[in-house]
Enquirer: 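One structure is given below, represented as structure tokens, and several questions about it will come after.
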Amino acid sequence: MLEISKIRENSKEVVQRLKIKNFEAADLINKLLDTDVKRRETQKQLDDVLAESNAISKEIGELFKTGQADKAGALKDKTAQLKVLAKDLATKLDELSADQNKTLVLLPNLPNASVPTGKSSEENAIVYSEGEVVNLDEKALPHWEIAAKYNIIDFELGTKITGAGFPLYKGKGAKLQRALISFFLEEAIAAGYTEYQPPLMVNEASAFATGQLPDKDGQMYHVQIDNFYLIPTAEVPVTNIFRDMILNENEMPLKCAAYSQCFRREAGSYGKDVRGLNRLHQFDKVEIVQITTPENSYNALEEMSKYVQSLLRKLELPFRVAKLCGGDISFASAMTYDMEVWSAAQKRWLEVSSVSNFEAFQANRMKLRYRNAEGKMQLAHTLNGSALALPRIVAALLENNQTDKGIKIPKALVKYTGFEYVD
RNA sequence: GGAGAGGUGGGUGAGUGGCUUAAACCAACAGUUUGCUAAACUGUCGUAGGGGUAACCCUACCGGGGGUUCGAAUCCCCCCCUCUCCGCCA
């Protein structure tokens, strides 16, 4: 959520910047500014009425204390009038505030000035790539066939137990999952992140704070009986650790890592994009989160991006880095890098990580602030990224590493899997 | 699920109708003193919204919402949460 004070000061710039996100904000901003003026006028009127009323109440108190209770009658009548007035003004103020907030949450975060313009993922800027794109002969199998061949992932059984998009891992497939989780967590700890194990369900306030509610309501599984939401990413519970907190500048940056299973309804998805492990309702992910100062948040973004790249390098996967264009960047993000790995049999790039700087957008929603060196209170900046999401990593590993002896496990992983080949 | 107790500032915790944004203590910050650290002393120390060029002023906030009253942290109602005991249970 953008801050109204900032919008008030730079309304033209806000409209300009949102154009990069292909968001036409002029009408909303005008409405917002108009409501803002009315809101402040009403606030002033209400405050004045309350001030007068408070003053009279004090007088009445004095009269009672000095034994002149008989003189209080007229004053009581006056406060009765003011009370009616105050009630009307308060109602009006509530309406205006609610109206303003409703408009405010519709506005996406401002993109960073360096974000390229563009309509869709086609126009993302590829800023880096590394590794040889693997070319396989015609015998190369897509990962869902490899999974069946070596009996390591059973999609049909998952469907039987639950439904499509809930795969069942078994044998070396299950162990590979566990190995990747351990690998990612150990790497994160070595890079200075503190490991967390968060709840997999969150309440409404948490889902709102990170921006899943109200707009992405249908994307989450909702446990109605207790009004909890299954988390779509560990970002939600982990960032919410710091909701309503006031941090000290010297304890930042806070670096958190968490493994969790993630649940997404993915309503409306179908086709080859969702084949096999490409898109699931339940999947595993290690997420990294940083809370830092506005001065440092872009350094942190680069650091996180580099860190994710180091993981892909250790997994010996060819990858490229896309800086998302305005049209592809998410609602809450100011700047995002996507890491994509090459999937040799599907012959396409798969997004395995998305690293974003949300600046103060989430912090404003969740009142996450810090005291700077001068003791002044400010909104912190939040960042997060996948490090990494498992299914597509597994897909790429299976497809890219096909050999006559089986699927070769990258060296860095062997100490976690305990085997060198899936066979 | 049943019964009971409770929710006050960064923390502990006092406060049962006006003198309470709220004592006291701790923490924090600044200064004085000391050879450094520590200790002691002195001072500062809520957030948000609004008004004013400014000094400063006004308003709201004691889990959330409603009510009683001229006036509510305090009385009443509803809801949420936490803790203890019982029940159930990995």
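First the proteins, then the strands, lettered A, B, ... as listed; each starts at 1.
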Enquirer: What pattern of brackets, bars and dots sums up RNA chain B from 5' to 3', given Watson-Crick or G-U wobble pairs under 3.5 Å, [ ] for crossing pairs and | for another strand?
Expert: ((((((((.[[[..)..(.....]]].(((((.......))))).((((((....)))))).[[[[[..)....]]]]])))))))....

Enquirer: Distance from A:K92 atom NZ to A:S97 atom OG, nearest 0.5 Å?
Expert: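 Reported to 0.5 Å precision, the distance equals 12.0 Å.
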
Enquirer: Check every nucleotide of RNA chain B for an atom under 4.0 Å from a heavy-atom of chain A, then give the first and the last such nucleotide from 5' to 3'.
Expert: B:G18 to B:G71

Enquirer: Let me spell it out: for each of A:R39 and A:D48, pick the nucleotide of RNA chain B with the closest heavy atom. Which residue's pick is nearer the 5' end?
Expert: A:R39

Enquirer: Under 3.5 Å, is there a donor on one side chain and an acceptor on the other for A:Y169 and A:D154?
Expert: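 No, no side-chain donor-acceptor pair sits under 3.5 Å.
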
Enquirer: By nearest nucleotide on RNA chain B, pick out whichever of A:L75 and A:A51 is the more 5' one.
Expert: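 On the 5' side of the pair lies A:A51.
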
Enquirer: Determine the Euclidean distance between corresponding P atoms of B:C58 and B:A5; express it in Å to zero decimal places.
Expert: 41 Å

Enquirer: Looking only at side-chain N and O atoms, does A:E235 offer a donor or acceptor that is under 3.5 Å from a partner on A:N384?
Expert: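 Yes, because at least one side-chain N or O of A:N384 sits under 3.5 Å from a partner of the opposite role on A:E235.
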
Enquirer: Is there a donor-acceptor pair closer than 3.5 Å between any side-chain N or O of A:T239 and the backbone N or O of A:V236?
Expert: no

Enquirer: Can you check the distance between B:A23 and B:C45, where both ends of the measurement are the C1' atom (answer in whole Å)?
Expert: 16 Å

Enquirer: What contact category does A:I60 fall into here, base, sugar-phosphate, or nothing, at under 4.0 angstrom with non-hydrogen atoms?
Expert: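 Since a base atom lies under 4.0 Å of A:I60, the category is base.
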
Enquirer: Taking only the C1' atom of each, what is the distance from B:U82 to B:A30 in whole angstrom?
Expert: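 Those two atoms are separated by 38 Å.
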
Enquirer: If you look at every strand shown and take non-hydrogen atoms under 4.0 Å, does A:T79 touch a base, only sugar-phosphate, or nothing?
Expert: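 Sugar-phosphate contact only - A:T79 comes under 4.0 Å of backbone atoms but never of a base.
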
Enquirer: Considering every strand and a 4.0 Å limit on heavy-atom distances, what is the contact class for A:K83: base, sugar-phosphate, or nothing?
Expert: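 Base contact - A:K83 has a heavy atom under 4.0 Å of at least one base atom.
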
Enquirer: Would you indicate whether the side-chain heavy atoms of A:H281 and A:T162 approach each other to under 4.5 Å?
Expert: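 With C-beta onward as the side chain, the pair stays apart.
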
Enquirer: At what distance, to the nearest 0.5 angstrom, does CD of A:Q378 lie from CD1 of A:I246?
Expert: 13.0 Å

Enquirer: Roughly how far apart, to the nearest Å, are B:G7 and B:U44 at atom P?
Expert: 30 Å

Enquirer: Touch check for A:K87, heavy atoms < 4.0 angstrom, all strands: base, sugar-phosphate only, or nothing?
Expert: sugar-phosphate

Enquirer: How far, in whole Å, is B:C79 from B:G4 if one measures between their P atoms?
Expert: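 Those two atoms are separated by 15 Å.
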
Enquirer: Please report the interatomic distance CG(A:L383) to NE2(A:H381), rounded to the nearest 0.5 Å.
Expert: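 With rounding to 0.5 Å, CG (A:L383) is 8.5 Å from NE2 (A:H381).
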
Enquirer: Report yes or no: does A:E399 contribute a side-chain atom to a donor-acceptor pair with the main-chain N or O of A:H143 at less than 3.5 Å?
Expert: yes

Enquirer: Distance check, P atoms only: B:A72 and B:U21, in whole angstrom units.
Expert: 11 Å

Enquirer: With sugar-phosphate meaning primed atoms plus P, OP1 and OP2, does A:D77 contact a base, only sugar-phosphate, or nothing at under 4.0 Å between heavy atoms?
Expert: nothing

Enquirer: Between B:G11 and B:C62, how far is it from one C1' atom to the other, in whole Å?
Expert: 16 Å

Enquirer: Would you mind checking if A:K31 and A:D27 are paired as a salt bridge, meaning a charged N to carboxylate O distance below 4.0 Å?
Expert: no

Enquirer: Mind checking the C1' distance from B:U34 to B:G18? Whole angstroms is fine.
Expert: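 To the nearest whole Å, 49 Å.
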
Enquirer: Does any N or O in the side chain of A:D328 come within less than 3.5 Å of the main-chain N or O of A:S120, such that one atom is a donor and the other an acceptor?
Expert: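 No.
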
